[in-house]
Amino acid sequence: MKPPLYSSETLKLADFKVGVDNVIFSVDTKQNRLLALLVKRAVEPFAGCWGLPGTLVREGESLETAAYRVLAEKIRVGNLYLEQLYTFGGPERDPRESIDSFGVRYLSVSYFAIVRFEDAELLAHHNHDTAWYMIEKVPDLAFDHNRILDYGYRRLRNKLEYSPVAFEVLPESFTLGDLYQFYETILGKEFTDYSNFRNRLLKLGFLRDMGVKVSRGAGRPASLYRFDAEAFAPFKDKPLVFV
């Protein structure tokens, strides 16, 4: 369907305010839960409703800096992955557009982040309530944040299948069991079996055995591996399916 054509004289130029909304995913491998960080809004519009952590971009501030600022205000974490997701800017996505005397449009440049649940410490931010919600139990959110969250969830799953994003979140050394559990928590138990997962990744050649074994409960000690970015370099610009 082709977009409608308008004369340059029929529509006024839009006036914009730009916000950043973060979809912050937390991977809890111990309880096999994928969580999203939500904030209960203290002001209108949607006061008392849950939404994604966000902010309006400040004067002289880049979009990425604003996204990192939102993260720093909500959680303290070491390893994380952050990527720009999409721009949501449809008319009337924000009720302030209709009540603003100048008809200002509110754009949302969204980002998604991945952290490990055990590494992320929630921070108190004024009197706002902040909580992790299981992805299956997210309530109706303010604005179009359910749509943004759904988009981020699809991107996360796709990203995990063709890029080494997991290694930016995991510790420097890990077992193949740790890595498999990370993938399973996000992609679900049916994505592949452990044996196929192990064999495929080891054949690709960018995991280095550190020559150290660790015990994780019952069973034989497991080898520790690390991600070799140099060995991965030849795959960087090629189609690659990890799982």
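The first residue of the sequence shown is numbered 1, and numbering continues consecutively from there. Values below: every heavy atom of this structure, side chains too, minus hydrogens, waters and symmetry copies.
- At least one side-chain heavy atom of L160 sits less than 4.5 Å from a side-chain heavy atom of F182.
- A side-chain donor-acceptor contact under 3.5 Å links E83 and Y81.
- Of all the heavy atoms in I148 and S108, the pair that sits closest is CD1-OG, 3.8 Å.
- Distance alone, capped at 3.5 Å, is enough to place a donor-acceptor pair between the R155 side chain and the L85 backbone.
- Applying the side chain to side chain contact (heavy atoms under 4.5 Å, CB included) test to A231 and every residue at least two apart in sequence or in another chain returns F206, R208, D228.
- Expressed to the nearest 0.5 Å, how far CD of Q31 lies from CD of E118 amounts to 11.5 Å.
- Contact annotation: the side chain of L80 never approaches that of I114 to less than 4.5 Å [non-hydrogen atoms, C-beta and beyond].
- You'll find the side chain of F112 stays beyond 4.5 Å of the side chain of N22, heavy atoms only.
- With a 4.5 Å cut-off on side-chain heavy atoms, F88 and Y151 count as touching.
- Heavy atoms of other residues, nucleotides or ligands lying less than 6.0 angstrom from CD of E121 number more than 12.
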Please test N158 against Y162 for side-chain contact (heavy atoms from CB on, under 4.5 Å), starting from the C-alpha separation and ending with a verdict.
-> CA-CA 7 Å; N158 291 337; Y162 68 79; 4.2 Å; yes
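- Put simply, Y106 and V70 are part of two different groups of oily side chains (I, L, V, M, F, W, Y) that touch within less than 4.5 Å, one to the next.
- V27 has its side chain out of reach of V169: every pair of non-hydrogen atoms, C-beta onward, lies at least 4.5 Å apart.
- For the atom pair OG (S173) and CG (D178), the distance works out to 9.0 Å, reported to the nearest 0.5 Å.
- Residues passing the side chain to side chain contact (heavy atoms under 4.5 Å, CB included) test with P139 are L38, W50, Y133, L141, sequence neighbours excluded.
- E172 contributes atom CD, which lies 12.0 Å from atom CZ of F227 (distance to the nearest 0.5 angstrom).
- Listed by first and then second residue, the ring pair (Phe, Tyr, Trp, His ring centres under 6.0 Å) pairs that reach into residues 12-48 are F46-F143, sequence neighbours excluded.
- Between the CD atom of E161 and the OG1 atom of T192 there is a distance of 11.0 Å, given to the nearest 0.5 Å.
- At least one side-chain heavy atom of W132 sits less than 4.5 Å from a side-chain heavy atom of I75.
- Taking a 6.0 Å sphere around CD of E136, one finds it holds more than 12 heavy atoms contributed by other residues, nucleotides or ligands.
- In this structure, CZ on F191 lies 8.0 Å from OH on Y183, to the nearest 0.5 angstrom.
- The aromatic ring centres of F174 and F167 sit less than 6.0 Å apart.
- In terms of heavy-atom proximity, A36 sits nearest to I135 at CB-CD1, 4.4 Å.
- Summarising the geometry of R116 relative to S26, their closest heavy-atom pair is C-OG, 3.9 Å, with the distance given to 0.1 Å.
- Considering only heavy atoms from C-beta on, I24 comes within 4.5 Å of L71 through its side chain.
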Could you go through residues 51-59 and list every donor-acceptor pair under 3.5 Å that involves a side-chain atom there, pairing it with any protein atom two or more places apart or in another chain?
unit_1: T55; atom_1: OG1; unit_2: R69; atom_2: NH1; d: 3.2
unit_1: T55; atom_1: OG1; unit_2: R69; atom_2: NH2; d: 3.1

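- The main-chain N or O of N32 is never found under 3.5 Å from a side-chain atom of T29 such that the two would form a donor-acceptor pair.
- In terms of modelled atom types and a separation under 3.5 Å, the side chain of T65 and the main chain of E61 share no donor-acceptor contact.
- V20 and A66 make their closest contact through CG2-CB, 4.0 Å (heavy atoms, listed as atom of the first residue, atom of the second, distance).
- Summarising the geometry, atom CD belonging to Q181 is positioned 13.0 Å from atom CG belonging to L176; distances are rounded to the nearest 0.5 Å.
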Carefully, step by step, assess L34 and M134 under the rule side-chain contact (heavy atoms from CB on, under 4.5 Å).
-> CA-CA 6 Å; L34 180 63; M134 291 178 60; over 6 Å; no
Could you go step by step and tell me if D21 and S110 meet the side chain to side chain donor-acceptor pair (under 3.5 Å) rule?
-> CA-CA 5 Å; D21 291 306; S110 57; over 6 Å; no
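- Using a 3.5 Å distance cut-off with no hydrogens or angles, the side chains of N196 and N199 do not pair a donor with an acceptor.
- Under the 3.5 Å distance criterion, the side-chain polar atoms of R105 are matched with a main-chain donor or acceptor of G89.
- For the residue pair T185 and D28, the shortest heavy atom distance occurs at CG2-O, 3.9 Å.
- K213 and S223 share a side-chain donor-acceptor pair at under 3.5 Å.
- Side-chain atoms of R157 come within 3.5 Å of backbone N or O of I186 as a donor-acceptor pair.
- Residue V214 shares its hydrophobic cluster (ILVMFWY side chains chained together at separations under 4.5 Å) with M210, V212, L224.
- Listed here is the closest heavy atom pair of Y111 and L82: CB-CD1, 3.8 Å.
- Scanning for ring-ring contact (aromatic ring centres under 6.0 Å, His included) contacts around Y153 gives an empty result, with sequence neighbours left out.
- For the pair R198 and L202, the minimum side-chain heavy-atom distance is below 4.5 Å.
- Atom CZ of F117 sits in a crowded spot, with more than 12 heavy atoms from other residues, nucleotides or ligands closer than 6.0 Å.
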